[in-house]
Amino acid sequence: MLSVAEALRIIQSHTPPLAVERIDLSDALGRVLAEEVVADSDLPPFDRAQMDGYAVRAADLTTVPARLRIVGESAAGRGWRGHLQTGEAVRIMTGAPVPAGADSVQQVEVTSELDGGALVEITEATTPGRSIVRRAEEVTAGSVVLRAGETINAATVASLAAFGYAQVAVRRRPRVAVLATGTELVAVGERPGADQIRDSNSYSLAAYAALAGAAVERLPLAGDDPASLKELIAAGAARADVLILSGGVSMGVYDFTKTALRELGAEIFFERVALRPGKPTVFARLPAPSPQTLVFGLPGNPVSVAVTFNLFARTALRAMQEASEPALLEERAVLGRAVKGASERRSYLPATLNSDDDGRLVAEPLKWGGSSDFVAFTRATALIIVPEDIRHLDAGARVNVVRLPG
Ligand code: AMP
Ligand code: MG
């Protein structure tokens with residue numbers, strides 16, 4: 001059976017990069033940078049006060065209390081242009097330029113003004129450099145602050161703004177269509193009949209795809225019959241770079257997803273992976289005239305959907321955006337409780353992550369009812385990876401984990 005690693009290699013070799021577009025910075029959250037971000041100025045651009053107080057020469061405060069003559073004021077956006085001399089102080093605010101001649105800022109809490117603001121009495125000594133961030137101490141003009149392939153997040157938008165990127169080059173969002181299949185499914189607004197359940201996969205898939213940077217469309221529900229499946233697959237594929245199907249990929253009599261794909265002329269790259277949960281995962285490509293839409297056929301159990309989407313479809317969507325780390329990053333952790341693996345297959349077990357007293361990451365396997373138990377799964381923040389052919393791991397064993405997006 002195809003290993004997870006081989007499946008990921010196949011996916012990455014069939015995910016062509018999407019075009020680059022320039023967008024407004026205010027629309028950039030979650031997008032993948034397609035250019036280097038270079039500082040157009042030093043940061044800070046001048047020696048900057050870190051406190052409200054007085055700019056002084058530290059040597060003037062070797063004996064305290066000391067009285068200094070106030071010769072001016074430096075406020076944020078309105079610096080004092082003179083040169084500070086011995087025995088002088090300049091009233092200064094956080095974010096303001098430190099005047100020439102001053103080498104320290106003493107905080108306002110240990111000062112009091114006298115003579116109607118002509119003098120300041122300072123009760124504590126200071127040292128040169130105190131409460132000053134020197135010009136270029138944080139960033140030097142011309143240096144690269146962000147690289148192509150990084151995902152723009154709430155922290156990185158600040159850098160883009162600070163260095164003048166009103167517009168930014170990013171990869172186009174992949175267009176994703178989500179198609180939930182299963183005759184038992186009814187829409188969320190309906191009350192299920194005796195043999196029916198509400199469709200939840202199309203919503204979780206749409207949410208995970210949006211987190212991966214995609215523009216998502218949910219298609220109408222498809223029943224388990226090849227004709228309507230083919231129709232909805234073709235309609236969805238015509239509008240999407242990636243079509244994500246749930247259900248109908250197992251060995252049941254009414255599992256028609258692969259039949260429908262084959263009849264539409266799809267090239268099936270794989271249809272089984274040595275994975276638990278998620279063995280019957282399908283990866284395929286529909287032919288033109290649909291613009292070579294990639295297709296993921298995911299097993300319908302809601303937890304299998306979450307695992308296989310985040311392992312495979314997410315990686316494809318991130319690779320198409322040229323993200324520098326398209327797959328979920330693996331981290332080391334310690335098992336909080338013993339777990340079972342599977343022969344031949346690699347297991348991904350839902351877990352929560354905590355740190356122990358030694359600062360080690362501890363992965364606590366979730367108590368749950370299996371891959372249909374999506375309500376228990378809402379508590380999981382990570383997946384524990386149990387390698388192929390490992391039947392049992394004891395508490396305390398070292399494992400790899402991936403964090404679940406969300
Ligand atoms: P299947 O992969 O079609 O054999 O489905 C496996 C299990 O997942 C069955 O119990 C289905 O009823 C359930 N299932 C399939 N599709 C969905 C969906 N869209 N939302 C919630 N459960 C689903
Ligand atoms: Mg089904």
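Ligands are counted one by one from 1 in listed order, and the atoms in each one are counted from 1 as well.
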Got a sec, which pairs hit salt bridge (Lys or Arg N to Asp or Glu O under 4.0 Å) with one end in residues 178-199, sequence neighbours left out? none
We want to know whether R130 and S104 form a side-chain donor-acceptor pair, criterion being a heavy-atom distance below 3.5 angstrom. no
Can you list the ligand 1 atoms lying under 4.0 Å from a non-hydrogen atom of I197? 12 (O), 21 (C), 22 (N), 23 (C)
Of all the non-hydrogen atoms in the protein, which one sits nearest to atom 16 (N) of ligand 1, and at what distance? N201 ND2, 3.4 Å
Quick check against the 3.5 Å criterion: does T257 have a side-chain atom that pairs as donor or acceptor with the backbone of G248? yes
G248 near ligand 1, heavy-atom distance under 4.0 Å? yes
Looking only at side-chain N and O atoms, does D24 offer a donor or acceptor that is under 3.5 Å from a partner on Q167? yes
Grab the two heavy atoms, one from L349 and one from K340, that are nearest each other, plus how far apart they are. CD1-O, 3.9 Å
Protein residue, atom and distance nearest to atom 19 (N) of ligand 1, heavy-atom basis: D199 OD1, 2.8 Å
Any idea which atoms of ligand 1 are less than 4.0 Å away from a heavy-atom of A180? 19 (N)
For ligand 1, which atoms have a heavy atom of E184 less than 4.0 angstrom away? 11 (C), 12 (O), 15 (C)
Exam field: side chain T151 to backbone G30, donor-acceptor pair closer than 3.5 Å: no
Checking contacts here: is it the side chain or the backbone of L185 that comes within 4.0 Å of ligand 1, counting heavy atoms only? Could be both or neither. side chain
Atom 6 (C) of ligand 1 sits nearest the protein heavy atom N301 N, 3.6 Å
Would you check if the side chain of S304 reaches a backbone N or O of G300 as a donor-acceptor pair within less than 3.5 Å? no
Heteroatom proximity flag, G300 to ligand 1, N/O under 3.5 Å: yes
So if I count the atoms of ligand 1 from 1 in the order they appear, which ones are less than 4.0 Å from some heavy atom of S246? 16 (N), 19 (N)
Specify the protein heavy atom at minimum distance from atom 21 (C) of ligand 1: its residue, its atom name, and the distance to 0.1 Å. S200 OG, 3.4 Å
Can you see whether Y203 has R218 sitting over its ring - NZ or CZ less than 6.0 Å from the centre and within 45° of the normal? yes
